[in-house]
Amino acid sequence: VFHHRRPLWLPHLQQLSRYGFQRGRFVKLFPQTSRRFSYFLPLLFLLSLPLTWPFYLATILLTGIYHQSLLLPQALLLTHLTYAIYFLKGLLTNS
């Protein structure tokens with residue numbers, strides 16, 4: 001299934017929140033096919049952010065400079081945080 005990317009900001013973050021939530025639910029409901037390490041990376045990022053924020057901030061700022069974009073660092077940060085928060089919410093849901 002192809003899911004086209006929504007425009008920044010709100011439509012994009014809404015799409016990512018739904019995707020993250022469902023991915024978190026699927027990890028619980030279908031562990032044999034949905035427990036891939038890559039699905040957990042944004043959550044690990046969120047949990048390690050208090051320790052790694054200087055490295056992460058430098059990385060996204062350099063990425064923005066490389067791509068000559070002022071919005072890219074903000075978009076990356078919000079994308080990662082939104083997915084991680086809703087992935088965790090999906091993991092913790094009772095359905």
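Nearest heavy atoms, Ala84 versus Leu46: CB-CB, 3.8 Å.
Leu49 and Leu61 end up in the same hydrophobic cluster when Ile, Leu, Val, Met, Phe, Trp and Tyr side chains are linked at under 4.5 Å. Taking hydrophobic clusters as Ile, Leu, Val, Met, Phe, Trp and Tyr residues chained together by side-chain heavy-atom distances below 4.5 Å, Leu41 does not share a cluster with Phe21. A continuous path of Ile, Leu, Val, Met, Phe, Trp and Tyr side chains, each step under 4.5 Å between heavy atoms, connects Ile85 with Leu77, placing both in one hydrophobic cluster.
Apart from Leu10 itself, the hydrophobic cluster it occupies contains nothing, where clustering links Ile, Leu, Val, Met, Phe, Trp and Tyr at side-chain heavy-atom distances under 4.5 Å. By the 4.5 Å side-chain criterion applied to Ile, Leu, Val, Met, Phe, Trp and Tyr, Tyr66 is assigned to no cluster and stands alone.
Applying the side-chain contact (heavy atoms from CB on, under 4.5 Å) test to Tyr19 and every residue at least two apart in sequence or in another chain returns Arg23, Tyr83. A search for side-chain contact (heavy atoms from CB on, under 4.5 Å) contacts involving Leu47 returns Leu43, not counting sequence neighbours. Under the side-chain contact (heavy atoms from CB on, under 4.5 Å) criterion, Thr63 pairs with Thr59, His67, Leu72, Leu76, sequence neighbours left out. Gln22 pairs by the side-chain contact (heavy atoms from CB on, under 4.5 Å) definition with Arg25, Phe26, not counting sequence neighbours. The ring pair (Phe, Tyr, Trp, His ring centres under 6.0 Å) test applied to Phe40 returns Phe87, not counting sequence neighbours.
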*Check the pair Tyr86 / Leu13 against side-chain contact (heavy atoms from CB on, under 4.5 Å), numbers first and verdict last.*
CA-CA 11 Å; Tyr86 281 89; Leu13 295 176; over 6 Å; no
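Sorted by first then second residue, the side-chain hydrogen bond (donor to acceptor under 3.5 Å, both in side chains) pairs that include residues 71-81, not counting sequence neighbours, are His12-Thr79, Tyr56-His80. Within the structure, side-chain hydrogen bond (donor to acceptor under 3.5 Å, both in side chains) pairs that include any residue of residues 32-55 comprise Arg36-Tyr39 (at least two apart or interchain).
Counted within 6.0 Å of CG on Leu92, heavy atoms from surrounding residues, nucleotides or ligands total more than 12; the atom is thus considered enclosed.
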